[in-house]
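No hydrogens, no waters, no symmetry mates; every other heavy atom, side chains included, goes into these values. Nothing here was measured: the structure is a model prediction, and the numbers come from that model.
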Amino acid sequence: MPPSPRLVVGNWKMHGLREQSGRLVRAVAEGAQSLPDDVRLVLCPPFTQLASVHGIINAEGPSTPLRLGAQDCHTTSSGPHTGDISAEMLADLGVRYVILGHSERRQAHGETDVLIRQKVEAAEAAGLIPIVCVGETIQERLEGRTTTVLATQVEGSLTDGFTGILAYEPVWAIGSGTIPPIDELERTLSLLHGLLQSRLKTDDIRVPILYGGSVTPAQAPTIFSIGSLGGVLVGSASLEAESFLRIAEAASFRLTSQPLSGPYRS
């Protein structure tokens, strides 16, 4: 059985007007043609760019490694929620993945684990693949509370039958230019795997774990030296095609020690 593809997810955040976004996705699509087939790219533009980005991806045909993702969704499918976007609306636009529980949403919008879990339920009901973010702040890390924080977030944010993706994003690393020491990152990924086993009540965990937080072309080979890593969630480096594609090239199992086990949805 061939290894499941690694995901390289680009979170554009609140960046991109039509012309700029069009140039970016076309450049990524062109460069992606030469990527190994064990790498898959997910582009998560702002809501306003979803339709146009989907059109460009769709024009690439079924063989493209590009998929469309969104950055958030509402807990319900419709209703009097001015300014919100439902998971069903995202699916209707061709979205396949949705980022939920990002630290910027947790901090700036006060999103709780309970709310995030409701969003996960809505995404799953609409047929989307949720990418649920968890991670500790610098204060929580210095106080030795990383394990407790991650356990609380995993327990509270995921549904009982969760089959999506977990993204570990230490809040202190985002935008800092640094990543955790590789041995620490390996221990944290092992911890998260154990937490998933406990939360989902099974030893057969089929939830890929991504890493996010200052993922750059320079850091990517070190990050991907962890063979069990399911991929990365990329912020600012996803706003330039060259840097994003260099990260994608580093993601290939041909350059790392061992493939990720378990199935992966397209």
Side-chain angles (χ1 to χ4, degrees), residues 7-17 20-21 24 41-50 53 68-75 81-87 89-90 95 97-123 128-142 145-146 149-150 152-158 164-180 185 188 192 209-216 219 223 230-240 243-244 247:
L7 280 183
V8 179
V9 183
N11 178 12
W12 293 5
K13 305 189 180 184
M14 199 173 70
H15 297 283
L17 302 181
Q20 174 193 0
S21 296
L24 175 55
L41 307 183
V42 180
L43 303 180
C44 301
F47 290 138
T48 57
Q49 304 303 312
L50 286 172
V53 171
L68 183 64
Q71 298 176 22
D72 189 36
C73 73
H74 196 264
T75 59
H81 306 291
T82 302
D84 286 313
I85 304 292
S86 74
M89 292 173 177
L90 296 177
V95 170
Y97 298 82
V98 59
I99 299 170
L100 299 173
H102 192 281
S103 62
E104 291 163 358
R105 299 290 309 180
R106 290 177 184 265
Q107 293 181 337
H109 296 267
E111 293 196 357
T112 63
D113 293 330
V114 171
L115 178 64
I116 293 161
R117 182 173 179 175
Q118 291 172 342
K119 290 186 176 187
V120 172
E121 291 172 345
L128 301 181
I129 300 173
I131 303 173
V132 180
C133 300
V134 297
E136 78 283 3
T137 65
I138 186 61
Q139 188 64 31
E140 291 164 341
R141 181 174 187 248
L142 293 175
R145 295 195 290 123
T146 296
V149 169
L150 294 181
T152 300
Q153 291 176 339
V154 168
E155 178 66 28
S157 300
L158 304 188
I165 296 164
L166 192 68
Y168 171 56
E169 282 204 310
V171 181
W172 55 270
I174 298 174
S176 69
T178 62
I179 62 172
L185 182 52
T188 304
L192 288 170
I209 302 177
L210 314 183
Y211 170 76
S214 293
V215 179
T216 65
Q219 301 278 25
I223 295 169
V232 290
L233 181 55
V234 186
S236 59
S238 69
L239 298 175
E240 295 182 0
S243 60
F244 190 58
I247 293 170

[X] vs [Y] side-chain heavy atoms within contact, under 4.5 Å:
X      : Y      : answer
Gln107 : Val171 : yes
Ser238 : Val215 : no
Leu50  : Ile85  : no
Leu142 : Trp172 : no
Pro46  : Met14  : no

Nearest 0.5 Å please: distance from the [atom1] atom of [X] over to the [atom2] atom of [Y].
X      : Y      : atom1 : atom2 : value
Ser103 : Ile174 : OG    : CD1   : 3.5 Å
Trp12  : Gln71  : CH2   : CD    : 10.0 Å
Ile131 : Leu233 : CD1   : CG    : 6.5 Å
Asp72  : Asp84  : CG    : CG    : 8.0 Å
Cys44  : Ile99  : SG    : CD1   : 4.0 Å
Ile179 : Ile223 : CD1   : CD1   : 4.5 Å

Look only at the side chain of Glu121 and the backbone of Thr75, and say whether a donor-acceptor pair between them is shorter than 3.5 Å. no
Distance-only, no hydrogens or angles: does the Tyr211 side chain make a donor-acceptor pair with backbone N or O of Gly213 under 3.5 Å? yes
Are a donor atom and an acceptor atom from the side chains of His102 and Glu169 found within less than 3.5 Å of each other? yes
Please give me the minimum heavy-atom distance between Ala123 and Leu100, naming the atom from each residue. CB-CD1, 4.3 Å
Go through Leu115 and Arg105 one step at a time and tell me if the side chain to side chain contact (heavy atoms under 4.5 Å, CB included) criterion holds. CA-CA 11 Å; Leu115 178 64; Arg105 299 290 309 180; over 6 Å; no
Identified side-chain hydrogen bond (donor to acceptor under 3.5 Å, both in side chains) partner of Ser157 from the options Arg106, Lys119, Gln118: Arg106
Is there a side chain to side chain contact (heavy atoms under 4.5 Å, CB included) between Leu43 and Leu24? Walk through the geometry before answering. CA-CA 10 Å; Leu43 303 180; Leu24 175 55; over 6 Å; no
Test side chain to side chain contact (heavy atoms under 4.5 Å, CB included) on Ile165 and Val9; report intermediate values, then the result. CA-CA 11 Å; Ile165 296 164; Val9 183; over 6 Å; no
What residues form a side chain to side chain donor-acceptor pair (under 3.5 Å) with Arg117, not counting sequence neighbours? Asp160
Applying side chain to side chain donor-acceptor pair (under 3.5 Å), name anything that partners Thr152, two or more places apart in sequence or on another chain. none
Step-by-step side chain to side chain donor-acceptor pair (under 3.5 Å) determination, Gln219 to Thr216: CA-CA 5 Å; Gln219 301 278 25; Thr216 65; 5.0 Å; no
Contacts of type ring-ring contact (aromatic ring centres under 6.0 Å, His included), residue His81, not counting sequence neighbours: His74
